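To start, the structure itself, in structure tokens.
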Amino acid sequence: MNSMGDVLYLSRTDIEKLDINMMDIIRVVEEAFLEKAKGRVEVPPKPGIHPQKDAFIHAMPAYLSQMKSAGVKWVSGFPENPKRGLPYISGLLILNDVDTGFPICVMDCTWVTAKRTGAATAVAAKYLAKEDSRILGILGCGTQGRSNLEALSIVYRGLEEIRAYDVSKENLQRYVREVKAKYGLQVVPASSPKKAVENCDIVVTAGPILKHPAPVIEATWFKDGGFACSLDFDSYWKPEAMYSMNKFCTDDVEQLEYYRTQGYFAAIPNVYADLSEIVSRKKMGRENPEERIMSMNLGLAIEDMATAKLVFERAKKKGIGTNLPL
Ligand SMILES: NC(=O)c1ccc[n+]([C@@H]2O[C@H](COP(=O)([O-])OP(=O)(O)OC[C@H]3O[C@@H](n4cnc5c(N)ncnc54)[C@H](O)[C@@H]3O)[C@@H](O)[C@H]2O)c1
């Protein structure tokens, strides 16, 4: 810990300077799910407040005893922000010392949120997608569209083609240019959501989360043997598409159930397993190449605290950040 009373402040720029690679984030996020399977984490469902329509500010506390990581993320998602030239997601994350409870670090949470969500998709895909997955559909080519591709391209070295869809032509074109340059993959701009789902081995939806969704993805669009990861709740997937899955998973059952009590997820199938059961092999992941599998990843605070701990330790080692008095 820092000298008593000091808090290390890490801005987004500080965190980017640490140059932490996605492989390490995937590793700690998977470890966090294993710790959850062993009953060694505390992660209550995230409560939220909603100052604007379809906007949220969530409180996300978690404690991972073996990783000695404890803290809370206070994260906002405001759908009107891009119109104001501001990012959709903003927020802070606080880490506490697990022996004294003292706050030891305050950091911008946007980098952690982007990276850990992509990492969680990659962890899910590792167990639930086909090993020979080649075509990835991305709906919503923003921060998540980028970090999910980054993480999936590590777990799926055989990826050849990305089919990308975005409601904003400008965002889509920028994404296509960037991804081609960065990964050298074939990137097809899709003219409709259907074209970004059909024939894809893996589909990630990352559009806006809507409390009263008007979903468009039909069961027939999704290929047998495909894996879908939804990051935008049930906003994109029609109930019959979700019911057509052989296995419907989630990152945390308790959190999904909590959201149902808040009026979300009016029509979803029974959960087959959560990701901690899948990575610990208490429940089987993919069992054959025909299975249709979805993981409804709501985002879990253990992913944040596992990643934030990595960030904090790397920052201390490199002497990056600003010490502030409490
Ligand atoms: N489940 C999780 O763990 C988790 C974590 C972070 C973000 N999210 C969610 O992921 C979504 C994307 O977040 P982000 O940070 O990438 O936002 P972003 O603002 O960076 O990107 C969103 C992109 O989606 C596009 N878009 C808007 N409506 C669309 C639609 N109907 N279809 C296709 N594209 C559409 C926008 O033009 C933009 O390019 C949000 O709903 C956010 O709440 C989920």
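Read the numbers this way: they start at 1 and go in the same order the structure lists the ligands and their atoms. This one's a predicted model, so the numbers in the text were calculated from it and none came from an experiment.
Using a 4.0 Å cut-off to heavy atoms of Y236, the atoms of ligand 1 that qualify are 30 (C), 31 (N), 32 (N), 33 (C). Atoms of ligand 1 found under 4.0 Å from any heavy atom of S168, numbered from 1 in the order shown, are 37 (O). Each of the atoms 1 (N), 2 (C) of ligand 1 lies under 4.0 Å from some heavy atom of N297. With ligand atoms numbered from 1 in the order given, ligand 1 contributes 15 (O) to contacts under 4.0 Å with heavy atoms of I89. Ligand-side atoms of ligand 1 in range of T117: 2 (C), 3 (O), 4 (C), 5 (C), 6 (C), range being under 4.0 angstrom from any heavy atom. Of all atoms in ligand 1, numbered sequentially from 1 with element shown, those under 4.0 Å from a heavy atom of N171 are 36 (C), 37 (O), 38 (C), 39 (O).
Counted within 6.0 Å of CD on E42, heavy atoms from surrounding residues, nucleotides or ligands total 12 or fewer; the atom is thus considered open. Summarising the local packing, CD of E170 is surrounded by 12 or fewer heavy atoms from other residues, nucleotides or ligands at distances under 6.0 Å. Atom CZ of R281 sits in a sparse spot, with 12 or fewer heavy atoms from other residues, nucleotides or ligands closer than 6.0 Å. Counting heavy atoms of neighbouring residues, nucleotides and ligands inside a 6.0 Å radius, atom NZ of K38 exceeds 12 of them.
Residue contacts with ligand 1 for L298 involve N, CA, C or O but no side-chain atom from C-beta outward (heavy atoms, distance under 4.0 Å). If you look at R116 next to ligand 1, the close heavy atoms, those under 4.0 Å, all belong to the side chain.
By the 30° and 60° cut-offs, the orientation of the rings of Y264 relative to Y259 is perpendicular.
Using a cutoff of 4.0 Å between basic side-chain nitrogens and carboxylate oxygens, D24 and R314 are scored as salt-bridged. A salt bridge links E291 with K247: the distance from a Lys NZ or Arg NE/NH1/NH2 to an Asp or Glu carboxylate oxygen falls below 4.0 Å.
Atom 6 (C) of ligand 1 has its closest protein heavy atom at Q144 NE2, 3.3 Å. Scanning the protein for heavy atoms near atom 27 (C) of ligand 1, the closest one is V167 CG2, 3.4 Å. The protein heavy atom nearest to atom 9 (C) of ligand 1 is L231 O, 3.5 Å. Annotation: atom 21 (O) of ligand 1 to nearest protein heavy atom, G142 CA, 3.2 Å.
Annotation: cation-pi pair K283/Y272 present, NZ/CZ under 6.0 Å from the ring centroid and within 45° of its normal.
When the heavy-atom distances from atom 28 (N) of ligand 1 to P208, G207, P215 are ranked, the shortest goes to P208. Within the set Y165, F56, Y88, F78, the minimum heavy-atom distance to atom 42 (C) of ligand 1 is found for Y88. Of the options L172, T143, L210, the smallest heavy-atom separation from atom 18 (P) of ligand 1 is shown by T143. Atom 37 (O) of ligand 1 has its nearest heavy-atom neighbour, among V75, D166, L139, in D166. Evaluated by nearest non-hydrogen atom to atom 12 (C) of ligand 1, the leading choice among G299, S235, A206, S230 is A206.
Distances from ligand 1 to the non-hydrogen atoms of F233 include no value under 4.0 Å.
Between F265 and F233, the distance from one ring center to the other falls under 6.0 angstrom.
For the atom pair CE of M294 and OG of S230, the computed distance is 5.0 Å after rounding to the nearest 0.5 Å. Summarising the geometry, atom CZ belonging to R12 is positioned 4.0 Å from atom OG1 belonging to T110; distances are rounded to the nearest 0.5 Å. With rounding to the nearest 0.5 Å, the separation of CE in M67 from CE in M305 is 12.0 Å.
The shortest N or O to N or O distance between T113 and ligand 1 is not below 3.5 Å.
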